[in-house]
Amino acid sequence: MKKRIFAFCVAMVLVLSVCVALPGCDGQERKLPGWVDGKKNLIFYVFDQVEYYNEIAQEFNSLEGNEDANVIIQKAASDYFGDLINSYVGAATPDIVFMQVGDILPFLNGKNILLEPLDEYLANSEVLTEEDLWPSNDGYRYNETTKTLDPAKNNKLYAIIKDFSPDFPLSYNRDAMIAATTAMGAQGATIRGKLESFMENGYPAEIPEGGSPADYTLTWSEYNALALAMKQAGYGSGVVLDGAPELQLLQWIEMNGEYLFTEDDTQCKDIRNTPAIRAAFDNFRVLQDGPDAATQWVNSTQPGYQLFKNSLTGSMPMSSMTASTYYGRWAYSQFEWDQNLDKIGYCAPPLPDDYTYDSENPNNYSAVGGAMSLAITSKCAHKDLAWKFIEFFMTTVQERDAETGFNISGNMTIAKEKFLSTEGKSEEYNKLNSFFYNLGMNSKTVRMNRYITQTTFKQILWQNFEQYFYKPASKTWDEVLDGIRRDLNNEIAKAIG
């Protein structure tokens, strides 16, 4: 892991000192399968779903007026943002890329800015306006003076959210829940009653006066007991925490009214001795610590989305199933969970047992971690065409995806008109979309430290967690918490200089 971080840092030095001075080009190094000499080739760099994005690219290339366009899909190998930053060293830099709030700073903080500002394109667009975008897009504005993300409108915008979802609602197998709560006695009856009420009534568009988000979900201790009981009912695990668990930890801290770092982001707080922060880390440990926990540590299991799908289809032994998991709306479409909606229950993310609702800060209970955005690299040779592709994606493609309910569209106009449209959809499907939309409207983006990336944050967590979760443990839990704080502060100090 240390070698990986070192390689990333070396690449950053090369990028910031040498490569960004090179002009964009259609050189030999960039020629991928599908490249056409004489056309305006654009490389769209994606995580996965190559077939889906290829269809979009082909549709765009065939549009009237796009005779010279040739969008090519390139799939990332493993480390999306690390590989992307490395690509600036040569001539193989993609043109259209994904960005996340937690990973964009390395592309903006160097000697040269590696992304293209989008304000002028947006102002001149005839099909996409700022009124079509969610206010959370301002999270991608960058202050060149302070070298931090700053939502003030006078700062340039470097990415546009393509779609989003609350990433950590609880999805569970209904049969597993019934079996577990039946075995749990009185506590189980209480938990089952709550979950059935949530499914019946959904999530409100606004929290009623005098109400609380706690009225629409379980507490941490209730859920932890349920997850363990579902495992004991015969499932391989009661839950799998593999959908960006580093963001889930930050969300749990915010649920408790805290933030992991000081307000100016220059220090990590004392994890071990700050009760609200400690409680979030302890909750993470309790779910995964030892053979009697509800699950194994995230690094030692199969992907949660597949294990959960197995529980819905019954296609694998119960040992290859998980009874619940945390994923966004996109998982229902991408992994075909929506083919078995009658077998799924869901509710808002469970809350701390002593959760206190702050009506002055009503979004402190949930978080949007899945706000993926689109950006254009500074080395792109055909920026106008790249913007035209983003326009196409944010209109035609978003309208189509909103009909199928993949995620909440980044085009606010389309989201309100299409995602919530009930025409031609089953009652269960409409209820699912309404739940995610309402929860999303009452959520906020997970707050990230301005000096370190999400990738670096996760690496530091995992380096330290390994020393406890891999048995026999080489460190106590308190030592692990102190180690995380130490390593985070070292990285922040390096970034500040």
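We number each residue from 1, following the sequence as shown.
No side-chain heavy atom of Tyr451 sits less than 4.5 Å from a side-chain heavy atom of Thr456. Using a 4.5 Å heavy-atom cutoff, the side chains of Ser311 and Phe308 are in contact. A 4.5 Å side-chain heavy-atom check between Leu439 and Pro349 finds at least one atom pair inside the cut-off. At a threshold of 4.5 Å between non-hydrogen side-chain atoms, the residues Lys418 and Gln398 do not count as touching. Counting only heavy atoms from C-beta outward, the side chains of Asp482 and Ile271 never approach each other to under 4.5 Å. Gln248 is listed as a side-chain neighbour of Tyr326, based on a closest heavy-atom distance under 4.5 Å. Inter-residue side-chain proximity for Leu149 and Arg450 is flagged as unmet; no heavy-atom pair is nearer than 4.5 Å. Counting heavy atoms from C-beta outward, Tyr305 and Val240 have side chains that stay 4.5 Å or more apart.
Geometrically, Arg329 engages Tyr429 in a cation-pi contact defined by less than 6.0 Å to the ring centre and at most 45° from the axis.
Salt-bridge check for Glu59 with Arg400: passed, with a basic side-chain N closer than 4.0 Å to an acidic carboxylate O. A salt bridge is defined here as a Lys NZ or Arg NE, NH1 or NH2 lying under 4.0 Å from an Asp or Glu carboxylate O, and Glu130 with Arg141 meets this definition. Comment: Asp132 does not engage Lys416 in a salt bridge, judged by the lack of any side-chain N to carboxylate O separation of less than 4.0 angstrom. A salt bridge between Glu254 and Arg447 is absent, with no side-chain N of the basic residue lying under 4.0 Å from a carboxylate O of the acidic one.
In this structure, the separation between OG1 on Thr148 and CG on Asp265 is 9.0 Å, given to the nearest 0.5 Å. Distance check, rounded to the nearest 0.5 Å: CG of Leu128 to CG of Leu133 gives 5.0 Å. The CG atom of Asn442 sits 10.5 Å away from the OH atom of Tyr437 when rounded to the nearest 0.5 Å.
Partner Asp289 forms a side-chain hydrogen bond (donor to acceptor under 3.5 Å, both in side chains) with one of Trp477, Tyr468, Trp297 and no other, that one being Tyr468.
Between the Asn430 side chain and the Ser426 main chain, a donor and an acceptor come within less than 3.5 Å of each other. Put simply, the side chain of Thr274 never gets that close to the backbone of Ile277: no donor and acceptor are under 3.5 Å apart. Without hydrogens or angle criteria, Asp103 side chain to Met99 main chain gives no donor-acceptor distance under 3.5 Å. Using modelled atom types, one side-chain atom of Thr313 and one backbone atom of Lys309 make a donor-acceptor pair closer than 3.5 Å. In this structure, the side chain of Asp215 engages the main chain of Ser212 through a donor-acceptor pair within 3.5 Å.
Looking only at atom types and distance, the side chain of Glu423 has no donor-acceptor partner in the side chain of Ser421 under 3.5 Å away. For the 3.5 Å distance criterion, the side chains of Asp264 and Thr262 qualify, holding a donor opposite an acceptor. A donor-acceptor contact closer than 3.5 angstrom links the side chains of Ser324 and Tyr223. Residues Asn433 and Tyr332 have side chains that never bring a donor and an acceptor to within less than 3.5 angstrom of each other. Side-chain polar atoms of Thr325 and Thr322 form no donor-acceptor pair below 3.5 angstrom. Looking at Asn283 and Asn224, their side chains do bring a donor and an acceptor atom within 3.5 Å of each other.
In this structure, Tyr158 has its ring center no closer than 6.0 Å to that of Tyr140. In this structure, Phe465 has its ring center under 6.0 Å from that of Phe284. Taking the six-membered ring for Trp and the full ring otherwise, the centers of Tyr45 and Tyr80 sit less than 6.0 Å from each other. Not less than 6.0 angstrom separates the ring centroid of Phe435 from the ring centroid of Tyr216. For Tyr172 and Tyr346, the ring centers sit 6.0 Å or farther from each other. Centroid-to-centroid, the aromatic rings of Trp252 and Phe281 stay 6.0 Å apart or farther.
Classified by interplanar angle (parallel below 30°, tilted 30° to 60°, perpendicular above 60°), the ring pair Phe389/Phe392 is tilted.
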Requested in this report: Applying salt bridge (charged side-chain N to carboxylate O under 4.0 Å, His left out), run through Arg272 and Asp282 and close with a yes or a no.
Outcome: CA-CA 10 Å; Arg272 181 159 55 94; Asp282 285 350; over 6 Å; no
